[in-house]
Amino acid sequence: MVESTPNALCFGDEFPASGAPCLVHVEDHGLTITFIPDRDGAEPRSESLRFSELTVSAGGLDHDQLVATWVGLKGQRTLYLKSPDVIRAFRQAAPDHLSQPLERAAEQVRQVRQRHRMVWSIVGGALLVVVLGLWFGSDVLVELAVDRIPVEWERKLGESTYHDFLAHQDVMKDGPAVDAVNEMIHRLTGQIPENPYTFEVTVVKSDVVNAFALPGGYIVVFTGLMKKAESGEEVAGVLAHELNHVLQRHGLERIIKQLGFVAVVSIVLGNPPGLGGMMKQLGVELMTLKFGRAQETEADLTGLELLYRAKIDPSGMITFFQRLAEKDEGRVEWLSTHPMSNARAERLKTQLAEMPKQNPEPFTFEWTKVRASQGAPPSTPP
Amino acid sequence: MKSEILYPGAFPMVRVELAEGEHIKAESGAMVACSPTIDIESKMEGGFLGALSRKFLTGEKFFFQTLRASRGAGEVLLAPTVPGEIIVMELDGVNEYMVQKDGFLAGAAGVVIDSQMQSMSRGLLGGEGFFILKMSGKGMLALNSFGAIHKIELKPGQEYIVDNSHLVAWSTTTTYSIEKATSGWVASFTSGEGFVCRFRGPGVVYIQSRNPGSFGAWVRQFIPVSQ
Ligand SMILES: [Zn+2]
């Protein structure tokens, strides 16, 4: 009586697509394959194969099956062996010329196993990050997610918002104000090493006191903000601050924080393009993203350094920030997205005091003329 | 144990006859009716952690039910939640199948159900969650689909591309890679990314003729949204 528990599947033209169950025995000279009869009482059919007839590789869903192919009387046949015992017996009995592909196959299986273990540890690690992230206000996760987003994609995100916004604004194409802002941006960006962004700046005619930078490097300055400034250095201070929100990718961090946990996980694990749709669904607006305290401080300090490197007097930044915060004349939009605090100005002052003195290089424009070109009074009353 | 599909087509049921002492595993909620000799036990297949991981990672119900003919022979009637075909196959100990989480309806006692983690990219991009069910062992296995079930037979080396959300089950002798669907594959009202699986034989792939996700999206457009 032949033992009839199959341990392999045989594929070939005359067999069903799911394979014919068969029993494989490993002998000294090769394999004996016994096909299990479909019907009870039918005679089992056996076939003997020499090792020299076989080609061996690893296959199956997890690459952990031994696949042996040979050309029989009825065409090509493929055998899928899964049982570890049979595979081991095969490897022991097979001659040298077969042992090499077999070892490779075994190595592949080992690699797959190892990869699985690695994937598991990554999953475990990710879970740990998730737990830690939740514990520590999810900043770790947010950073991980932000790192996964390519600059190119960030540009696309900012670009569409930028153009949508400008479509409804009174854009200043040229004139002293535009020239002045371009000069400031040029001086500042010239001091950014390995800058992956191409900054684009637009001056918008509006009394709103505001300026913002979108992810990807799109900057908008309102004439209202320029009218409030008493020098080009003050405006440059705001721009240096904004540039650093872009460079530090603060916008992305905020978006991801607002979209929450699911977004973070999906980005960390590899699906950044889904973010745009998610933002639309949840109504996250790039322009009204409010930055956090830590981000403001970071943009302040890096902005201050940038001004310093560009040889633009950094004290303008500090005085302007303080004036914007103190004087309560009209709504200063900029403050609603960049929350100001006394601590911020103090921190900047301390930082500036620690920097070695240098002689700033003035801008080529005259600020009074720039302001006059926008219809502001030639000088501000004290 | 004997099983029979009643009312084949869109609204089928499976009748399983159990001898005294026999039992089967069924998707919880699949039971429609049974003889008074049948006891229902909720059992966590694959242990507590296995069940828990299924629950959280594939959204699969926490328990499979065990239907046991403990007080004499009897029969059970089982049906899936969604309209669609049922197929019954016989596992022979060597044929193994991966089954998408909603595809399992019932299995004989000898059928081993494993929650298997898909490799990271497969699982995430494939949309089946981290885990799918691996069916091995011996005995009757009933799968259900949304719509009709179609069997694709692949010769060694033969390839076939299937929209991921139409997958029901595939034999473990196949290999597959996940690819992003080109726009033609994705229905206009489904948002998000579509993925297709490129299968390579030998083996069989069972697919369903309807896509649950697309159907859901299609239905949603008729549901008035309350403000
Ligand atoms: Zn800021």
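Every chain is numbered from 1 and lettered A, B, ... according to where its sequence line falls, protein lines coming before strand lines.
- There is a side-chain donor-acceptor pair under 3.5 Å between Thr32(A) and Glu27(A).
- Counting heavy atoms of neighbouring residues, nucleotides and ligands inside a 6.0 Å radius, atom OH of Tyr160(B) does not exceed 12 of them.
- Side-chain contact, Asn211(B) with Ser165(B): a donor N or O sits under 3.5 Å from an acceptor N or O.
- Pro156(B) touches chain A through its side chain: at least one heavy atom from C-beta onward sits under 4.5 Å away, while N, CA, C and O do not.
- Proximity to chain B (any heavy atom under 4.5 Å) is restricted, for Thr78(A), to the side chain, taken from C-beta onward.
- In terms of non-hydrogen atom pairs under 4.5 Å with chain A, the most contact-rich of Leu154(B), Asp92(B), Ile152(B), Asn95(B) is Asn95(B).
- Heavy atoms closer than 4.5 Å to chain A are found nowhere in Gln158(B), neither backbone nor side chain.
- A donor-acceptor contact closer than 3.5 angstrom is absent between the side chains of Ser171(B) and Ser18(A).
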